[in-house]
**Student:** 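The following block contains the structure, expressed as structure tokens.
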Amino acid sequence: QVQLVESGGGLVPAGDSLRLSCVASGGTININNYAMGWFRQAPAKEREFVAGLLWEDDSTYYTDSVKGRFTISRNYLKNTMYLQMNSLKPGDTAVYYCAARPPMSGGLWSRREEDYEFWGQGTQVTVSS
């Protein structure tokens, strides 16, 4: 069953912005109780970590290629997690997945798929040149 649902993807020209959202589905989980992450997978590429959000204090961390351009955040009142993507590049084209892990699963700063317990089905982001 789908436990997380992403939205906000689309096709945009290079330099534009998108904001992805992630919400819990069917009351299975409450994202306020988890550390969160965004991953992405481009065609013929391995799934890679993009951004992480700690449960403890909402500290953030990112893969080097998106630092300064992407921002991960959470709105506790809306039970929603976001990825704000600015200055998009063609290399950002991928299916983006939100994911949740129990606090400290795999360590404080996990970048590993196997540490994340719950996943969405993905939303497509395409950046044209």
Side-chain angles (χ1 to χ4, degrees):
Q1 293 184 345
V2 176
Q3 296 172 309
L4 299 171
V5 180
E6 305 94 339
S7 62
L11 192 159
V12 297
D16 271 24
S17 298
L18 285 172
R19 188 181 73 165
L20 306 183
S21 298
C22 175
V23 298
S25 177
T28 304
I29 67 167
N30 185 332
I31 69 167
N32 294 346
N33 297 330
Y34 294 87
M36 302 296 296
W38 287 95
F39 292 75
R40 66 187 182 187
Q41 187 167 19
K45 298 288 186 68
E46 296 291 320
R47 188 175 299 182
E48 67 168 336
F49 171 83
V50 176
L53 183 71
L54 300 188
W55 171 82
E56 289 80 357
D57 62 358
D58 279 348
S59 292
T60 61
Y61 56 106
Y62 303 89
T63 193
D64 287 345
S65 63
V66 308
K67 287 180 179 177
R69 300 189 297 119
F70 290 12
T71 304
I72 185 173
S73 63
R74 176 189 348 235
N75 186 314
Y76 285 93
L77 294 178
K78 295 183 178 181
N79 193 26
T80 303
M81 192 262 287
Y82 305 97
L83 184 68
Q84 177 68 44
M85 304 184 294
N86 297 329
S87 301
L88 283 163
K89 304 175 180 179
D92 297 319
T93 295
V95 177
Y96 284 71
Y97 300 88
C98 66
R101 64 184 173 101
M104 290 295 294
S105 177
L108 196 62
W109 310 103
S110 174
R111 298 168 179 255
R112 292 155 36 112
E113 290 183 63
E114 54 262 47
D115 296 329
Y116 289 78
E117 183 175 357
F118 303 106
W119 293 82
Q121 291 186 319
T123 186
Q124 177 71 49
V125 172
T126 303
V127 184
S128 64
S129 58

**Student:** Does anything in residues 21-41 pair up under salt bridge (charged side-chain N to carboxylate O under 4.0 Å, His left out), and if so which pairs, sequence neighbours excluded?
**Tutor:**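 Non-adjacent pairs meeting salt bridge (charged side-chain N to carboxylate O under 4.0 Å, His left out): Arg40-Glu48, Arg40-Asp92.
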**Student:** What are the two closest non-hydrogen atoms of Ala51 and Leu83, and how far apart are they?
**Tutor:**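 Reported closest heavy-atom pair: CB-CD1, 4.1 Å.
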**Student:** Excluding sequence neighbours, so at least two apart, what forms ring pair (Phe, Tyr, Trp, His ring centres under 6.0 Å) with Phe39?
**Tutor:**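 Ring pair (Phe, Tyr, Trp, His ring centres under 6.0 Å) list for Phe39, sorted by chain: Phe49, Tyr116, Trp119.
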**Student:** Indicate yes or no: at least one non-hydrogen side-chain atom of Asn86 is less than 4.5 angstrom from one of Phe70.
**Tutor:**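 Result no, sub-4.5 Å side-chain heavy-atom pair not found.
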**Student:** Holding to salt bridge (Lys or Arg N to Asp or Glu O under 4.0 Å), I want the full list of residues that pass it with Asp16, two or more places apart in sequence or in another chain.
**Tutor:**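 In terms of salt bridge (Lys or Arg N to Asp or Glu O under 4.0 Å), with neighbours along the sequence ignored, Asp16 is linked to no residue.
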**Student:** Might you confirm whether atom CZ of Arg112 has over 12 heavy atoms from other residues, nucleotides or ligands at distances under 6.0 Å?
**Tutor:**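 Not buried by this count: 12 neighbours or fewer within 6.0 Å.
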**Student:** Please check if the distance between the ring centroids of Tyr34 and Trp55 is under 6.0 Å.
**Tutor:**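 They do not qualify: ring centres at least 6.0 Å apart.
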**Student:** Let's go through Asn30 and Tyr76 carefully: what are the C-alpha distance in whole Å and the side-chain angles of both, what is the deciding distance for side chain to side chain donor-acceptor pair (under 3.5 Å) to 0.1 Å, and is it a yes or a no?
**Tutor:** CA-CA 10 Å; Asn30 185 332; Tyr76 285 93; over 6 Å; no
**Student:** Looking at every heavy atom in both Leu88 and Leu18, which two are closest together, and how far apart are they?
**Tutor:**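 Of all heavy-atom pairs spanning Leu88 and Leu18, the closest is CD1-N, 3.9 Å.
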**Student:** Hey, what do you get for CG (Leu20) to OH (Tyr97), rounding to the nearest 0.5 Å?
**Tutor:**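 Atom-to-atom, Leu20:CG and Tyr97:OH are 13.0 Å apart.
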**Student:** Take a 6.0 Å sphere around CD of Glu56 and say whether it holds more than 12 heavy atoms from other residues, nucleotides or ligands.
**Tutor:**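 Buried by this count: over 12 neighbours within 6.0 Å.
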**Student:** Provide the closest heavy-atom pair for Val127 versus Lys89 in the form atom of the first, atom of the second, distance.
**Tutor:**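 Taking Val127 first and Lys89 second, the nearest heavy atoms are CB-O, 3.3 Å.
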**Student:** If you take all heavy atoms of Arg101 and Gly107, which pair is closest and at what distance?
**Tutor:**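 For Arg101 versus Gly107, the nearest heavy atoms are NH1-O, 2.8 Å.
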